[in-house]
Protein chains: 2
Amino acid sequence: MTTMGDVARLAGVSASTVSHVLNGTRKVDASTRVRVEAAIAETGYRRNGVARSLAAGRTHTVGLSISALTNPYFGSLVHAVERALSDAGYVLIVGDSHDAVESEKRITDSLLDRQVDGMIVAPAAGSERSTLPGIARTGTPLVLIDRMLDVDCDQVAPENTTSARMLTEHLLDLGHRRIAVVRGIPGISSTTERFDGYVAALTDRGIGVDAALVVEGESSTDVAEREVRALMASANRPTALVSMNNAMTIGTLKAVRSLGLSIPGDVAFVCYDDFEWSDLFDPKLTAAGQDVETIGATAAQLLLRRIRKEDGPPRRIRVPTMFHHRSSCGCR
Amino acid sequence: MTTMGDVARLAGVSASTVSHVLNGTRKVDASTRVRVEAAIAETGYRRNGVARSLAAGRTHTVGLSISALTNPYFGSLVHAVERALSDAGYVLIVGDSHDAVESEKRITDSLLDRQVDGMIVAPAAGSERSTLPGIARTGTPLVLIDRMLDVDCDQVAPENTTSARMLTEHLLDLGHRRIAVVRGIPGISSTTERFDGYVAALTDRGIGVDAALVVEGESSTDVAEREVRALMASANRPTALVSMNNAMTIGTLKAVRSLGLSIPGDVAFVCYDDFEWSDLFDPKLTAAGQDVETIGATAAQLLLRRIRKEDGPPRRIRVPTMFHHRSSCGCR
DNA sequence: GTGAAAGCGCTAACAG
DNA sequence: CTGTTAGCGCTTTCAC
């Protein structure tokens, strides 16, 4: 393994000069630069980032903890974050928490041990007690993504309440009164906020929330399928369904289809979260789509800002969703 | 920031003892261990992984370069790899090459600089000339994933030829003779091998390959949609279509739908790659599904083995696909 | 069972 | 414009 010292010797300069030509951190005479570059080329030298990080105190690495890499939504999120970060010269370490604080803690501890310059976390339920304090103690820049918490740090999440409310109101406008909702995993803001939007829409029209029409899908496709199936097979089947995230949508659609029911004929359907292939479903799904790219890019920018020590109060950013009016709601 | 030295001082021992209790690398008297642990707890000490890596020469980090984080297929792959790796105490740095060797080179160089203990790469076209030599030169353990190359290293990829052949033969068995194929991005083995399977099936029945029926989708949904649309709107429209990966499938279905054609009524359809929601499409897709979990887990195991210096000749593993016979082919 | 000391390969004052 | 010199915080012989 060739080190900076080897290169320096070969070029007849000091290691510090080699370091400076490599990093452009100080003026170097053109001729010596050439000699150094020649030596680098000759030896095939490649700097040791670990030593570099130790000496410099920065790793140019950021960590990302999310809850389900298999969910296309998070895949896009990782993609957006990765791009913004790599453009800035950082690399991304990803960890999948499976929405469990224990795994989340293991992941973030490991990231902290590795001295990441910052981290982005989609907090699992209970995160504010279990894992965030530990991160805060180290002073590592942190931005929360996808779910908001009552803590003092940068956060970026989609607009939830208003979007869910619009979705529900649309159904109400079409005359539906028995509207069921399929909720995501409990304990996180997205679930709560979206549910709030649903409740607000109903309440606003003087309709009470019927507990029997609230199905807990737990953000598991299988659970949602089972529960929705049970509901739709029961006597008090709703006339419309609103699904609160893409996993819930898949489960719901499977349930409906397995019962031989048709959408929107037998039951109207709208959902939070859009799919790239929404218009290939039959019928096309009326949905509130998140702007995942913006969410990811924004989170990365906020983090980069903190890493650069550009201070300021914590910011909480809501990214608007886009309403896609298609046909599963029963319109047109 | 508290260091190991601080802990040692507080516990009244040497830094080396602290290191040993932390790592379990040598026998430590129970009583001193207790004192050390108390000191650690008291200071909230957390070891510096960077210093650790520099001293030990291992980072417990592996890099992964893939071509499209937004593709659900790769999302699952990352997930599988991440799980296997984190179980073994490693973290994963991901980079998205967008199937371009230039980005791939930047990513792998950055990973190498960071002294990853190993890396997994889904090679872009041209990788063997551009990026793999550089990796080989460092001696960093490497396993290729998703696409195979004619190079000496561990590789794991799905079964392509036979699966594509089966798909095509199924169409042939149903009486189709004008079968179009939608190919993925050129220059990688999956595209070539799957196409070979298509050709073999036709040839075997004495049917020549009609160049007009070979559409280049370039692994871009948009391109596939445009090209398939053109083909299906033309005079010599095929009676059946075989799509070679999930992005091509989305594009193809969009094209078919936009023309108001029906599957399998107007054109039969089969595809390589399965979707979690395959049976929500209308009609349900007959597909050859990859076992992504196995591919990812296998790659991780092979890599771990190399990292542990368990030698042996390079292994090339083919993971079988699963044939899902549904209705888009026109059966039943 | 424990400590001292020599690095790991680089960065960044500090001096010239 | 360039070299010298301390470290960065840990692991790991080697010695006791």
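Since this is a predicted model, take the numbers as computed values, not measurements. By convention in this document, chain letters (A, B, ...) are assigned in the order of the sequence lines, proteins followed by strands, and residues within each chain are numbered from 1.
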Notebook entry, point to check: So does A:R9 pair up with A:D6, basic N to acidic O under 4.0 Å?
Noted result: yes
Which pairs, protein N/O on one side and nucleotides 4-8 of chain D N/O on the other, fall under 3.5 Å?
| unit_1 | atom_1 | unit_2 | atom_2 | d |
| --- | --- | --- | --- | --- |
| D:dT4 | O4 | A:S16 | OG | 3.4 |
| D:dC8 | O2 | A:A55 | N | 3.3 |

Notebook entry, point to check: Any side-chain N or O of B:S19 less than 4.0 Å from the OP1 or OP2 oxygen of D:dT11?
Noted result: yes
Note to self: For a quick check of understanding: with a heavy-atom distance under 4.0 Å over all strands, which category does A:V28 fall into, base, sugar-phosphate or nothing?
What the structure shows: sugar-phosphate
Note to self: Let me confirm one number: the CG-CD1 distance from B:L92 to B:I120, rounded to the nearest 0.5 Å.
What the structure shows: 6.5 Å
Notebook entry, point to check: Between D:dC10 atom C1' and B:N23 atom CG, what is the distance in whole Å?
Noted result: 9 Å
Margin query: Is there a side-chain contact between B:R47 and the phosphate of D:dC10, meaning an N or O under 4.0 Å from OP1 or OP2?
Written below: no
Checklist line | Protein-nucleotide distance (B:K27, atom NZ; C:dG3, atom P), rounded to Å | finding: 16 Å
Checklist line | Distance below 4.0 Å between B:T32 side-chain N/O and C:dG1 OP1 or OP2 | finding: no
Next item on the list: Would you indicate what B:V18 reaches in the nucleic acid, counting non-hydrogen atoms under 4.0 angstrom: base, sugar-phosphate, or nothing?
Entry: nothing
Notebook entry, point to check: NE2 of B:H20 versus P of C:dG3: gap in Å, rounded?
Noted result: 11 Å
Note to self: From CZ of B:R58 over to C1' of D:dG9, roughly how many Å is that when rounded to an integer?
What the structure shows: 16 Å
Check: Considering only heavy atoms from C-beta outward, does the side chain of B:Q115 approach that of B:S53 to under 4.5 Å?
Finding: no
